[in-house]
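Data block below; observations after.
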Amino acid sequence: MSKPSIPKGTRDFGPEEVIKRNYIFDTIRSVFTKYAYQPIETPTMENLSTLTGKYGEEGDKLLFKVLNNGDFLAKANKEALGEMDSVKVVSSISKRGLRYDLTVPFARFVVMHQNDISFPFKRYQIQRVWRADRPQKGRYQEFYQCDVDVVGSNALMYEAELTQIYDEVFAALKIPVEIKLNNRKILAGIAEVAGITNQFVDMTVAIDKLDKVGMEGVKNELVNRGIGADAIAKIETVLAIKDLSQLKIQLADSETGLKGVEELEQVFDYLAVSGGVTNEVNFDITLARGLNYYTGCIFEVKAKNVQMGSIGGGGRYDDLTGVFGLKNVSGVGVSFGAERIYDVMQELELFPDSADASLQLLFIAFDAKAHAFAFNCLAKARKAGLNADLYPEPTKLKKQMKYANDRKAPYVVLIGGNEMESGLLSLKDMESGTQTTLAIDAIIEQLLKS
RNA sequence: GUGGGUAUAGCUCAGUUGGUUAGAGCGCUGGAUUGUGGUUCCAGAGGUCGCCGGUUCAAUUCCGGUUAUUCACCCCA
């Protein structure tokens, strides 16, 4: 008999975990709703043509492909098969793949339903995504993403609004965080004044590693990526700047850079008139973010007092729907890393003990006659709205009591000959151990109050 | 994709410098307690020591391969 198992990078969740995870999702969802975002869902599977080429060459390798049904080999590309060329064969044996993120399916959704949507379209989406990455701590092949985006408006109000959403969610979850803001236009400006506009991506990838490898590490990375010493020196000076007004001087020669500074200033102005935020919101010039479709403001959230990567991120993208044929639709959105938020809350012990209320009252019967009587009482309790249950057979008390204990039932009602005769049932408080005798209606009434 | 660790009871892990009957804690079952759980005590069940091969009189132990898992890197949530 072989032991059952689940695929690499996937997990089972027990009742306790599901309750905690739902607490996170419910909190996030309620804030999204308050800010007037609407929920959508997209299929688990997308056409592979929708997904491929959207995440770079690395991303394509991490896509889960779904094998075609039927005699897929008969229709396979024989030439590619002969050459053992996996990449070529795939396109002839697989036409669908699992969702890799929520942003690309959302872009597809917007394009397909553009005539039914009122812009600006504010949507949120909480669904699973899959990546064939090698699993490691806090990284799985199947995980949830919680995305909130607004498309069809350039208004910087939304950058401020998304910052407020971050602030409000993490305040509600009681996780102290630092929300970092930057603007890709500022980074473009740095590349411009350093004279390496054509190596912009190399520069951002290197800068993104700053808090991990330090300034020396970043400089090494820049050298390795073939960036000249003069440019590196310039980048280093600019990266040391902490406030926006000073940055204007350094970026005076870059129109794009100045635009980025102005945009950020406006976002901060909005936040200032909003009545303030709970968490720290800071401009961080070293924030880069790997994804290259971002074109304006970028966001990242780091939990304080924990060793953990970012627990949220996002930004503005000027042309997300362009690849699907809809031009000039700007969007801005952020994502919550639910799995990491869970780990942080676990580490900081932030989950409320509200716990498992799945069983409030368990009936226990001593014999078959009492069991039938108890089943009647059970129906009354359920009708009154209590989460109640009856042990399925009148077996040994020890066994039944142990079940009540394991299920963390706060109350137990014991029913035997005496109880049936008098109509007064034994209600036991499992925590204190005290026992009282009451009629079933009185028991229900009392528990509904507690 | 690259590199390391680990694999022994349902779970978490000891252990065997290669030797006859394989160890603990927790959990499970039964009993002490015939109408009372969480504490305690007693007893019991449960293992092809991941899989394949090599060395050896003898391998769970050493070696090689393989699979699974885990950690780190690339990348990312």
Side-chain angles (χ1 to χ4, degrees), chain A residues 1-11 14 24 28 55-63 86-87 99-103 126-147 201 204-206 208-209 212-213 217 221 224 288-292 299-303 308-314 333-344 362-367 370 391 394-421 425-435 437:
Chain A
M1 193 175 67
S2 65
K3 289 185 188 177
S5 63
I6 55 174
K8 175 165 58 178
T10 65
R11 294 157 295 164
I24 295 175
I28 291 173
Y55 308 105
E57 209 175 310
E58 284 296 313
D60 284 355
K61 288 183 195 160
L62 301 182
L63 284 174
S86 305
V87 177
R99 193 163 62 213
Y100 178 90
D101 71 357
L102 301 179
T103 308
I126 299 175
Q127 288 190 277
R128 288 172 204 247
V129 302
W130 291 264
R131 294 184 187 177
D133 206 354
R134 192 172 289 203
Q136 56 180 283
K137 195 177 183 66
R139 289 176 58 177
Y140 308 95
Q141 293 201 336
E142 178 184 63
F143 59 98
Y144 271 91
Q145 279 194 338
C146 312
D147 276 21
V201 173
T204 55
V205 170
D208 199 37
K209 295 178 181 170
K212 202 168 193 176
V213 298
E221 180 92 19
N224 291 341
R289 299 205 50 87
L291 296 174
N292 285 316
F299 306 83
E300 193 158 289
V301 182
K302 274 201 74 123
M308 182 77 67
S310 74
I311 53 175
V334 297
S335 182
F336 289 79
E339 319 286 345
R340 284 189 183 172
I341 290 173
Y342 182 96
D343 291 342
V344 168
L362 180 72
F363 287 91
I364 286 177
F366 295 138
D367 52 44
Y391 198 83
T395 180
K396 283 191 203 128
L397 277 210
K398 183 177 169 125
K399 195 164 184 181
Q400 302 197 58
M401 289 298 285
K402 183 168 158 42
Y403 181 75
N405 211 48
D406 291 344
R407 284 290 307 268
K408 298 187 171 69
Y411 293 97
V412 159
V413 167
L414 298 135
I415 301 176
N418 301 341
E419 284 79 0
M420 279 192 290
E421 214 168 292
L425 313 182
S426 301
L427 173 67
K428 180 170 180 131
D429 180 324
M430 290 296 280
E431 203 185 332
S432 67
T434 56
Q435 204 163 311
T437 53

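The sequence lines fix the lettering, A, B, ..., with proteins before strands; numbering per chain opens at 1. Values below: every heavy atom of this structure, side chains too, minus hydrogens, waters and symmetry copies.
Using N1 to N3 plus N6-O4 or O6-N4 for Watson-Crick, or N1-O2 and O6-N3 for G-U wobble, each under 3.5 Å, B:A24 pairs with B:U12. Under the Watson-Crick or G-U wobble criterion, with both distances below 3.5 Å, B:C57 is paired with B:G19. As the counterpart of B:U29, B:A43 is assigned, both hydrogen-bonding distances of the Watson-Crick or G-U wobble pattern falling under 3.5 Å. In a base pair of the Watson-Crick type (N1 to N3 plus N6-O4 or O6-N4) or a G-U wobble (N1-O2 and O6-N3), with each distance short of 3.5 Å, B:C76 is matched with no nucleotide. Base pairing annotation: B:U6 forms a Watson-Crick or G-U wobble pair with B:A68, both donor-acceptor distances under 3.5 Å.
The A:F366 side chain lies nearest to B:G35 when the options are B:G35, B:G37, B:C75. Taking the side chain of A:R139 as heavy atoms from C-beta on, and the options B:G30, B:A77, B:G35, the nearest nucleotide is B:A77. Closest to the A:R340 side chain, of the nucleotides B:C76, B:U36, B:G37, is B:C76. Side chain of A:N405, nearest nucleotide from B:G35, B:A77, B:G37: B:G37. The side chain of A:K8 approaches B:U69 more closely than any other nucleotide in the set B:G30, B:A77, B:U69.
When rounded to the nearest whole Å, the span between CD of A:E142 and P of B:A77 equals 17 Å. Between the CZ atom of A:R134 and the P atom of B:G4 there is a distance of 12 Å, rounded to whole Å. The distance from atom CG of A:L62 to atom C1' of B:G1 is 9 Å, rounded to the nearest whole Å. The NZ-P distance, from A:K396 to B:A32, rounds to 9 Å in whole Å. Nucleotide B:A77 holds its C1' atom 14 Å from the CZ atom of A:R99, rounded to whole Å. The nearest whole Å value for the distance from the CG atom in A:L63 to the P atom in B:C75 is 18 Å.
Backbone-only contact: A:S310 has heavy atoms under 4.0 Å from sugar-phosphate atoms and none from a base. Using a 4.0 Å heavy-atom distance criterion, A:E431 is classed as a base contact.
Look at the C1' atom in both B:C28 and B:U70: the space between them is 28 Å, to the nearest Å. For B:U36 and B:C42, the P atoms lie 23 Å apart once the distance is rounded to whole Å. Spacing of C1' atoms, B:C63 relative to B:C11, comes out at 32 Å, to the nearest Å.
Looking at A:T434 and A:D429, their side chains never bring a donor and an acceptor atom within 3.5 Å of each other.
Heavy-atom nearest nucleotides on RNA chain B were determined for A:M401 and for A:K137, and the one closer to the 5' end corresponds to A:M401. Toward the 5' end of RNA chain B, the nearer of the two residues A:D406 and A:Q435, judged by each one's closest nucleotide, is A:D406.
Although no hydrogens or angles enter the test, the distance criterion places a donor-acceptor pair under 3.5 Å between the side chain of A:E339 and the main chain of A:Y144.
A stacked arrangement is assigned to A:F143 and the six-membered base ring of B:A77, with a centre-to-centre distance below 5.5 Å and an interplanar angle below 30°.
Checking the phosphate oxygens (OP1, OP2) of B:C75, a side-chain nitrogen or oxygen of A:K209 falls inside 4.0 Å. Within the structure, a side-chain polar atom (N or O) of A:K402 is placed less than 4.0 Å from OP1 or OP2 of B:C28. Taking side-chain N and O atoms only, A:Q136 has no distance below 4.0 Å to OP1 or OP2 of B:C71.
Looking at A:R99 and A:E142, no side-chain N of the basic residue comes within less than 4.0 Å of a carboxylate O on the acidic one, giving no salt bridge.
In this model, no side-chain donor or acceptor of A:E57 finds a partner on the base of B:G1 within 3.5 Å. With hydrogens and angles ignored, no donor-acceptor pair closer than 3.5 Å exists between the side chain of A:K398 and the base of B:U36.
The two residues A:Q400 and A:L362 make their nearest non-hydrogen contact at O-CD2, 4.0 Å. A:I415 and A:A370 make their closest contact through O-CB, 3.4 Å (heavy atoms, listed as atom of the first residue, atom of the second, distance).
Ring centroids of A:Y391 and A:F363 are separated by 6.0 Å or more, keeping the two rings apart.
In this structure, A:Y55 and A:Y100 have tilted ring planes: the angle between them lies in the 30° to 60° band.
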